[in-house]
Amino acid sequence: MKALIMAAGIGSRISRHLNNQPKCCVKIGKEELIRYTFSLLNKKGITDIAIVTGYNDEYIFKALEGFEYKSYKNNFYDVTNSIASTWFAQEFLDANDDMIVMNGDVFVEEKILDILLQPSKSPLFLSDSTRIEEADYKFKWVDDKLVNYGKELSDAQTTGEYVGIAKISKDDISFMKDELNKMISNQKHHYWWEDIFYRNCENKSVYIHDVKGIFWAEVDYIEDYERIQEYLRGNNG
């Protein structure tokens, strides 16, 4: 298993609280979120890791001192989305191993990685059915298959919130790269990397695993960060 981490963006919704740092560099207890994530991946035996940076990435490199990883840069982070970041890192996408693709600003309990390390269908996207009213990016799934997605879904159309982490089997990597390059060639720079699979889900099933009951948070707003801090306080005493 290998891991590709997206950490290029500015994080405009929370940027005023970050002192010019990328979101993945917020302190989680005594260490940065991105360092926590790398430590957790290494603990689970995942050491082949790549990260795509962009905005003020000197903070990321400082936080990751001592770790081994591959680094790619999206210099167009202010005018593109994560599909462009994936394009810059496409040499890391090979069909030799399954891959976790995740956003760098996501904090997860260890149990979530345990789920991803189990045999599963692919592509597998993690979602949380306990988060509907407050959901940011919304999924609707039926019998563990994605049928609708987007920020604009109503609560009635939503089954859960996307966690920001997916697992792609090595058998799906060639498809992923082919679609990635088609979308970039067609100037779809504003897409997320997940659109590679979302926009093909009628012809190629996208599978969902519900992580309800397991703690996670994506640092989009200061309230998300405060929720992580509250979780850590509760689990450290």
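Note that the numbering runs from 1 along the sequence shown for the chain.
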Discussion item. Assess the residue pair E179 and F197 against the criterion (side-chain contact (heavy atoms from CB on, under 4.5 Å)); give the C-alpha distance rounded to whole Å, side-chain angles, the decisive distance to 0.1 Å, and a yes or no.
Written reply: CA-CA 9 Å; E179 292 300 312; F197 294 100; over 6 Å; no

Discussion item. Please verify the inter-ring angle class for Y69 with F61; under 30° counts as parallel, over 60° as perpendicular, anything in between as tilted.
Written reply: parallel

Worksheet item: If two hydrophobic side chains count as joined below 4.5 Å and joins carry through other members, does F139 share a cluster with V211?
Response: no

Item to complete: First locate atom CE of M102, then atom CE of M6, and finally report the distance between them rounded to the nearest 0.5 Å.
Response: 11.0 Å

Worksheet item: Does a side chain donor of either D171 or S122 reach within less than 3.5 Å of an acceptor in the other side chain?
Response: no

Fill in: Side chains of F107 and L232 in contact at under 4.5 Å (non-hydrogen atoms)
yes

Fill in: Separation of E230 CD from R227 CZ (nearest 0.5 Å)
9.0 Å

Discussion item. So for atom NZ, which belongs to K170, do other residues, nucleotides or ligands contribute more than 12 heavy atoms lying within a distance under 6.0 Å?
Written reply: no

Discussion item. Is the shortest side-chain heavy-atom distance between D224 and D105 below 4.5 Å?
Written reply: no

Worksheet entry | Stepwise side-chain contact (heavy atoms from CB on, under 4.5 Å) test for F92 and D48 | CA-CA 10 Å; F92 189 69; D48 191 359; 3.3 Å; yes

Practice prompt. Indicate if W87 and V79 have the same hydrophobic cluster label, given that clusters are the connected sets of ILVMFWY residues with side-chain heavy-atom separations under 4.5 angstrom.
Written response: yes

Fill in: Single-linkage hydrophobic cluster V147~I132, side-chain heavy atoms < 4.5 angstrom
no

Worksheet item: When rounded to the nearest 0.5 angstrom, what distance separates CG in D195 from OG in S82?
Response: 8.0 Å

Worksheet item: Under a 4.5 Å cut-off applied to non-hydrogen side-chain atoms, are E194 and Y149 in contact?
Response: no

Discussion item. Quick check on K204: does its NZ atom have over 12 non-hydrogen neighbours (other residues, nucleotides or ligands) under 6.0 Å away?
Written reply: yes

Worksheet item: Are the side chains of K73 and T53 in touch, meaning some heavy atoms are under 4.5 Å apart?
Response: yes

Worksheet item: Given side chains that start at C-beta, do those of L113 and K43 come closer than 4.5 Å, heavy atoms only?
Response: no

Discussion item. I'd like to check L146 versus F125 (side-chain heavy atoms, cut-off strictly below 4.5 Å). Are they in contact?
Written reply: no

Item to complete: Indicate if V101 and L117 have the same hydrophobic cluster label, given that clusters are the connected sets of ILVMFWY residues with side-chain heavy-atom separations under 4.5 angstrom.
Response: no

Fill in: Residue pair I228 / F215, side-chain heavy-atom distance below 4.5 Å
yes

Worksheet item: Should the heavy atoms of other residues, nucleotides or ligands under 6.0 Å from CD of E133 be counted, would the total exceed 12?
Response: no

Discussion item. I'd like to know if V163 and I46 are part of one continuous hydrophobic network [Ile/Leu/Val/Met/Phe/Trp/Tyr, side-chain heavy atoms within less than 4.5 Å].
Written reply: yes

Discussion item. Quick one, W216 and L126 - any side-chain contact, counting heavy atoms below 4.5 Å?
Written reply: no

Discussion item. Is it the case that the side chain of K138 and the backbone of L153 share a donor-acceptor pair, with hydrogens and angles ignored and the cut-off at 3.5 Å?
Written reply: yes

Discussion item. Atom CD of residue position E202 - does it have more than 12 heavy atoms of other residues, nucleotides or ligands inside 6.0 Å?
Written reply: no

Worksheet item: Quick check: does any side chain N or O of Y36 sit under 3.5 Å from a backbone N or O of V108, one acting as donor and the other as acceptor?
Response: yes

Discussion item. Tell me whether D143 at atom CG has more than 12 heavy atoms from other residues, nucleotides or ligands lying less than 6.0 Å away.
Written reply: no

Item to complete: To the nearest 0.5 Å, tell me how far S205 OG sits from K121 NZ.
Response: 8.5 Å

Practice prompt. Calculate, to the nearest 0.5 Å, the distance between atoms CD1 and CG belonging to I100 and L4 respectively.
Written response: 11.0 Å

Worksheet item: Going by the angle between their ring planes, with limits at 30° and 60°, are F88 and F76 parallel, tilted or perpendicular?
Response: parallel

Worksheet entry | Worked verdict on I60 versus C24 for side-chain contact (heavy atoms from CB on, under 4.5 Å) | CA-CA 8 Å; I60 296 175; C24 66; 3.7 Å; yes

Worksheet item: Would W141 and H209 satisfy side-chain contact (heavy atoms from CB on, under 4.5 Å), going step by step from the backbone distance to the final call?
Response: CA-CA 10 Å; W141 68 84; H209 186 101; over 6 Å; no

Fill in: Distance (rounded to the nearest 0.5 Å) between I28 CD1 and L33 CG
5.0 Å

Worksheet entry | Salt bridge flag under 4.0 Å for residues E65 and R35 | no

Worksheet item: Any side-chain donor-acceptor pair under 3.5 Å between E218 and N103?
Response: yes

Worksheet item: Are Y198 and Y191 close enough that their ring centers fall under 6.0 Å?
Response: no

Worksheet entry | Presence of salt bridge, R131 and D136, under 4.0 angstrom | no

